[in-house]
**Q** 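Got a structure for you, questions after.
Because only heavy atoms are used, hydrogens play no part in the values below, and waters and symmetry mates are left out as well, while side chains stay in. Note that the structure is predicted; figures quoted are calculated from it, not measured.
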Amino acid sequence: MTDTADALAEQWNALGRQHAAEVQARLARFHRGEVEDPELPADPRDAAMANQVLHAVTVMNQQGRWREARGRFDPAHAPFIPHLGKEGLPFVIALGPDEALFRRGSCYQAGHLWHVCGEKLTPLPTLIAAAISPDRSRLAVADTGGVRIFLGWGGAEVARLPWPSSEQMVPAWVPSALRSRYDVEPPEKNLKTLCVSNSGLRVAVANGNGVLVGTVREGGPSWRLAMPFDDEPDDFIMESLDEDSAGFSADMVHVALSGDGRFLACGTQCDGHHLLALDDDGRASRWAQVGHLSEYPHHACFSHDARWVALNSCHFYHGATIAADVSALQGATTEAYQPDPRAREINSYLRVYAATWLPRGALPTGQPAFALAGASVLTLVTPEGAVQGELMFGSSASGIDYCPASRTLVLGSYSGFLHFLDLSMTDPNAPGWQPPRETKRWCFLPDRAPLQW
């Protein structure tokens, strides 16, 4: 590089590392309980400097020298905001230290899956979503025809579930004379969540019409509606159907499926946190209803052994997350906004967009934890509420997954960045508190070829 480029890199890195050191110091005081608000400073690097750095990184990519990008320039988020689009990267599956599946395009946008392995980026244009079982043995992919289950990436197909008919998506309480008026959106449209059990014989999906459970049995695959509830008629919908068409419609519909396929955690912004037990046919019954601590139920995540569940509710870009022992909640109904020892608050500030479980040994501390990815913050926190690390990655999360074999966490965000994080190491130069080390990122920016950094 030229002397000018060397000078740019030196100034860029010095300012960024000074900023990261200040963020780390303030977050340390916050996590020690010395301050109620860390009041984090803004990144001091301006758009003009970011333009020069982005140009240099782009040229290095064009010349096949992308590995030099990270060695020369520390990555960042805020200085590049003028260059960012609004392309979410959901349905992230971590497959290795530099390998992943993910979707380009949020659920409400046109998009499909991609496979990245090392320097190779491959489009998978017929696939719209993916999920991996907690034990990593089964991979589910969705297309316009339904869901297929494989023995991992590149493995043999072991099950297939065609999408349900419109009739299967109508609650039982809708009278036969009015069922044709009940509005149904096909599951593959605006598919928000896809989950698969360890057996590969059960999946759960969520879209704007609710939550569906698919089960593969000897008689063939079947689908059952878990939300809206079959035994709880919606009076507003029933009254509307007398005059016109109507149907279930809710924001923030979400679902998590336990690895053993026995439990669902689900909800919408207008309702509480629901834990449902599933029988062999996929029929759901109430296990517990847990009161939310922030306004709107937003996300759910199980530990891999289904012992713990984390439940997040949000308010604007903030929120609260509680964790509970699933077995201890059987038959419980806890009150909203009321602390309960059965549902401990483990985070008081994140609106969680994506979460995954980190098994024992994933982190340097050795403690198992939930990885909660929210608006600009990734927090690693145990079910008891002990924070193990925190990374300020800058945007709102869109997808996350952890590969135990490589100890790699892959995080997608609405910035169009796909972050590969090595959880076995902390990064002294990253903004956060005991932040995991980022090894690589892919950058999907508007009007620019994908960049490796």
Side-chain angles (χ1 to χ4, degrees), residues 27 31 92-94 131-136 193 195 254-260 263-267 273 275 290 292-294 297-314 318-329 340 342-393 396-404 407-413 419 421 423-424 426 432-436:
L27 283 174
H31 287 298
V92 171
I93 308 294
I132 196 164
S133 61
D135 69 359
R136 318 299 289 181
T193 312
C195 312
H254 59 277
V255 65
L257 174 69
S258 64
D260 58 14
F263 294 101
L264 287 184
C266 58
H273 300 301
L275 280 177
V290 185
H292 44 99
L293 296 187
S294 191
H298 190 245
H299 194 79
C301 179
F302 284 102
S303 63
H304 286 176
D305 61 3
R307 176 186 175 186
W308 298 99
V309 64
L311 303 165
N312 174 261
S313 52
C314 68
H318 303 282
T321 301
I322 55 181
D325 186 315
V326 174
S327 62
L329 285 177
D340 190 291
R342 293 168 294 180
R344 178 196 302 267
E345 183 179 52
I346 61 171
N347 183 276
S348 62
Y349 48 87
L350 278 185
R351 171 176 178 167
V352 176
Y353 291 87
T356 193
W357 176 251
L358 306 177
R360 188 175 301 279
L363 299 171
T365 62
Q367 295 299 307
F370 287 102
L372 306 177
S376 81
V377 184
L378 169 67
T379 294
L380 314 176
V381 58
T382 70
E384 295 78 23
V387 179
Q388 306 294 292
E390 201 156 60
L391 175 68
M392 314 301 292
F393 63 92
S396 291
S398 52
I400 193 170
D401 187 44
Y402 174 68
C403 171
R407 296 181 73 175
T408 301
L409 187 75
V410 183
L411 171 65
S413 74
H419 307 264
L421 304 170
L423 294 191
S424 69
T426 56
W433 182 71
Q434 299 176 176

**Q** Roughly how far, to the nearest 0.5 Å, is the OG1 atom of Thr356 from the CG atom of Leu380?
**A** 11.0 Å
**Q** Compare every heavy atom of Pro383 with every heavy atom of Trp357, then report the nearest pair and how far apart it is.
**A** CH2-CG, 3.7 Å
**Q** Looking at Arg407 and Pro364, what are the two nearest heavy atoms and their distance?
**A** NH2-N, 4.3 Å
**Q** To the nearest 0.5 Å, what is the distance between CG (Asp340) and CD1 (Ile322)?
**A** 8.5 Å
**Q** With sequence neighbours excluded, what pairs up with Ile346 under the side-chain contact (heavy atoms from CB on, under 4.5 Å) test?
**A** Thr321, Ala323, Arg344, Phe370, Leu372, Val381
**Q** Is it true that Arg307 and Asp325 have a side-chain N and a carboxylate O under 4.0 angstrom from each other?
**A** yes
**Q** Please work out whether the ring planes of Phe263 and Phe302 are parallel, tilted or perpendicular, with thresholds of 30° and 60°.
**A** tilted
**Q** Which value, rounded to the nearest 0.5 Å, describes the distance between Thr426 atom OG1 and Leu423 atom CG?
**A** 11.0 Å
**Q** Quick one: are Ile400 and Leu411 in side-chain contact, heavy atoms under 4.5 Å?
**A** yes
**Q** Which pair of non-hydrogen atoms, one from Asn312 and one from Leu350, has the smallest distance, and what is that distance?
**A** ND2-O, 2.8 Å
**Q** Drop me the distance from Ile132's CD1 to Cys403's SG, to the nearest 0.5 angstrom.
**A** 8.0 Å
**Q** How many angstroms lie between atom OG of Ser258 and atom CG of Asp305, to the nearest 0.5 angstrom?
**A** 10.0 Å
**Q** To check you understand the geometry: which heavy-atom pair defines the closest contact between His299 and Val352, and what is its length?
**A** CB-O, 3.4 Å
**Q** Would a 4.5 Å heavy-atom cut-off, applied to side chains only, mark Leu358 and Leu409 as touching?
**A** yes
**Q** Quick check against the 3.5 Å criterion: does Ser303 have a side-chain atom that pairs as donor or acceptor with the backbone of Trp308?
**A** yes
**Q** At their closest point, which heavy atom of His31 faces which heavy atom of Glu390, and how far apart are they?
**A** NE2-OE1, 2.7 Å
**Q** With heavy-atom distances below 4.5 Å as the criterion, would you say the side chains of Pro297 and His254 are in contact?
**A** yes
**Q** List the steps and the verdict of side-chain contact (heavy atoms from CB on, under 4.5 Å) for Met392 and Leu27.
**A** CA-CA 10 Å; Met392 314 301 292; Leu27 283 174; 4.1 Å; yes
**Q** Does the side chain of Tyr353 come within less than 4.5 Å of Ser413's, by heavy atoms?
**A** no
**Q** Please give me the minimum heavy-atom distance between Ser313 and Leu293, naming the atom from each residue.
**A** OG-N, 3.5 Å
**Q** Ion pair present between Asp401 and Arg136, side-chain N to carboxylate O less than 4.0 angstrom?
**A** yes
**Q** Would Thr365 and Gln388 count as a side chain to side chain donor-acceptor pair (under 3.5 Å) if you check the C-alpha gap in whole Å, the side-chain angles of each, and the deciding distance to 0.1 Å?
**A** CA-CA 7 Å; Thr365 62; Gln388 306 294 292; 2.5 Å; yes
**Q** Check whether any side-chain heavy atom of Leu421 sits under 4.5 Å from a side-chain heavy atom of Phe393, and report yes or no.
**A** no
